[in-house]
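Step one of this worksheet: look at the structure below.
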Amino acid sequence: MVETSESTAVVIVGAGVAGLALGNFLLRNGVECIILEKHSRAYVERRQRAGTVDSFGVRMFREWGLEGVVKGDSLPEVAGGIWIDGEGYPVDFDEVDDNDSVFCPQQVLVRNLTDAFLHGGGDLRFEAVDVSLADMHSERPLVRYRDTTGSTKVISCDLIAGCDGFHGVSRASVPADALTCHSYEYGYSWLSINAEVPANPAGMAIHSRGLAGMIPRGAHASRLYLQCPVDATLSQWPDKRVWSEMEARFGTPVSTGRIIDKRIVPLRSVVYSPMSYGRLYLLGDAAHIVPPMGAKGIHLALHDAEVFARAVIHRNRQDDSSLLDSYSETCLRHLWNYQAFAAWITELMHNAGDASYAGEFRKQIARAELERQFNSPTARRLFSELSAGVN
């Protein structure tokens, strides 16, 4: 096949939240960029993961003139809160003034960011496969890929932004001895379920059988979560058992419907340091994983994208690479703060239920911490700040 070459300022690998946000920021500030995505547009816009953009994200988009991308789906009125041993407690931890967090399913945010990028004249190439990175320590790194016709394309660039997730090619292109991996395994998994059913009740359930969750993903779609052993298999969880276990852990009838996807997700925290290698910069899940209990995956991806975008724009306008040089340090300082929050809320919510993992002592400690959250305005304010992403 013929190999054709072109050039740009920044190649962004991956059209998830981090890559698309970054592309929009650069495009609006006159920085040339090309986004490469290995999947089709239809596939990318169907992926259902997170469902909330916190105050940090909403305010950030507003500042960049992109407030329209967080227009999500309206939700029906449902009972929400935390269920502890079958007893419901309404959650009102909103101690932050002007909390701007909005419900916006990740697939909606991705669709909106894609539309904004393309409407602005952005270059987004879906189904770009066999991506490889080369010469990352040179002045002009190279990115190769194969397009839908089977032709090999080569893009030379100033910088590469690796936004292609935990299993993507970006971090895999860095020599193993150039990165330090910090990780923690929580010792249990979630059975994560995508169901065509409104979330009713909506919230989390703490029970001696394990944690459960029912989180809205639209007016007629929900994500269900069931804590399970780390060695659990899907064959152990037929649909009938899923609904039975949800009802048992919530202690109240739950809405049921068609289950369209199930998977086992081991809970873990992962951080790779540094978040750069030569002229390759890692963003979002390519650099770090937080457990879903903290709901900070989108927050961290957007924070990385904004820090990197500001660094690139500053370099272009001022001929000053100092912000790029400090990119990893800046992101990691913020990241560890939210890893601490995610680890705390994950262990709190799980230890308070099934004592077989951490023991009865830790269960009682977790219950005391939960009571503090309900009764102490100071504790609620800190929780609200972290939840809103403004701490």
Side-chain angles (χ1 to χ4, degrees), residues 12-28 33 35-76 99-120 122 124-126 161-166 168 192 194 199 202 215-223 261 283-290 292-309 334 338 342 387-390:
I12 301 169
V13 184
V17 170
L20 289 165
L22 174 60
N24 275 286
F25 298 159
L26 297 180
L27 184 66
R28 284 172 169 254
C33 62
I35 302 179
L36 303 178
E37 168 57 49
K38 70 177 181 179
H39 295 294
S40 68
R41 180 172 183 175
Y43 177 92
V44 170
E45 293 183 355
R46 281 198 306 266
R47 287 186 294 203
Q48 294 194 26
R49 292 190 179 125
T52 299
V53 179
D54 64 20
S55 291
F56 166 84
V58 172
R59 294 168 188 175
M60 183 201 68
F61 282 128
R62 187 181 300 145
E63 184 177 348
W64 289 85
L66 288 160
E67 59 270 21
V69 302
V70 293
K71 293 292 196 292
D73 298 346
S74 61
L75 291 178
N99 190 333
D100 292 325
S101 301
V102 299
F103 173 78
C104 183
Q106 181 167 323
Q107 69 273 21
V108 174
L109 178 60
V110 164
R111 183 191 68 213
N112 293 346
L113 284 167
T114 299
D115 288 343
F117 186 70
L118 294 176
H119 289 164
L124 173 50
R125 306 177 187 184
F126 290 103
C163 308
D164 51 343
F166 192 75
S192 178
N194 183 14
I215 310 300
R217 287 293 181 264
H220 303 288
S222 301
R223 271 287 182 187
D261 179 70
L283 288 74
D285 287 358
H288 42 72
I289 295 289
V290 289
M293 187 74 245
K296 283 290 162 260
I298 283 182
H299 170 95
L300 292 170
L302 293 176
H303 181 267
D304 293 348
E306 182 172 47
V307 171
F308 184 70
H334 184 87
Y338 282 91
S387 295
V390 298

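Residue indices begin at 1 and follow the sequence shown.
A donor-acceptor pair under 3.5 Å is formed between the side chain of N112 and the backbone N or O of V69. No side-chain donor-acceptor contact under 3.5 Å links D100 to the backbone of R59. Panel note: side chain S101, backbone D54; no donor-acceptor pair is recorded below 3.5 Å.
Using a 4.5 Å heavy-atom threshold, the side chains of H334 and L300 count as touching. Counting heavy atoms from C-beta outward, R41 and L118 have side chains that approach closer than 4.5 Å. For the pair F308/L283, a side-chain contact is recorded, criterion being any heavy-atom separation below 4.5 Å from C-beta on. Here the side chains of Y338 and H299 are in contact, with some heavy-atom distance below 4.5 Å. Residues F117 and C33 form a side-chain contact, since some pair of their non-hydrogen atoms from C-beta on lies under 4.5 Å apart.
The minimum heavy-atom distance between A286 and G162, with the atom names listed, is CB-O, 3.5 Å. For the residue pair G389 and F56, the shortest heavy atom distance occurs at O-CB, 3.3 Å. Nearest heavy-atom pair, L22 versus A161, reported as atom, atom and distance to 0.1 Å: CD2-CB, 3.5 Å. Summarising the geometry of F25 relative to A305, their closest heavy-atom pair is CD1-O, 4.1 Å, with the distance given to 0.1 Å. In terms of heavy atoms, G122 sits closest to L27 at N-CD2, 3.8 Å.
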Inset, instruction - Mind running side chain to side chain contact (heavy atoms under 4.5 Å, CB included) on R125 and I35 for me, showing each step along the way? - result: CA-CA 6 Å; R125 306 177 187 184; I35 302 179; over 6 Å; no
Inset, instruction - Please assess R111 against V108 for the test side chain to side chain contact (heavy atoms under 4.5 Å, CB included), listing each intermediate value before the final yes or no. - result: CA-CA 5 Å; R111 183 191 68 213; V108 174; 3.5 Å; yes
Inset, instruction - Take L302 and V17 through the test side chain to side chain contact (heavy atoms under 4.5 Å, CB included) and record every step on the way to the result. - result: CA-CA 7 Å; L302 293 176; V17 170; 3.5 Å; yes
Legend entry - Worked check of side chain to side chain contact (heavy atoms under 4.5 Å, CB included) between L124 and L20: CA-CA 9 Å; L124 173 50; L20 289 165; 4.1 Å; yes
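Separation of atoms CZ (F61) and CD (E306) is listed at 9.5 Å; rounding is to 0.5 Å. Here the straight-line distance linking atom CG of L113 with atom CD of Q106 works out to 10.0 Å at 0.5 Å rounding. For the atom pair CG (L66) and CG (N24), the distance works out to 5.0 Å, reported to the nearest 0.5 Å. Between the OH atom in Y43 and the CD atom in E37 there is a gap of 9.0 Å [rounded to 0.5 Å].
Of the candidates L109, T52, I298, C104 forms a side chain to side chain contact (heavy atoms under 4.5 Å, CB included) with just one, namely L109.
Salt bridge K296/D304: absent, no basic N to carboxylate O contact under 4.0 Å.
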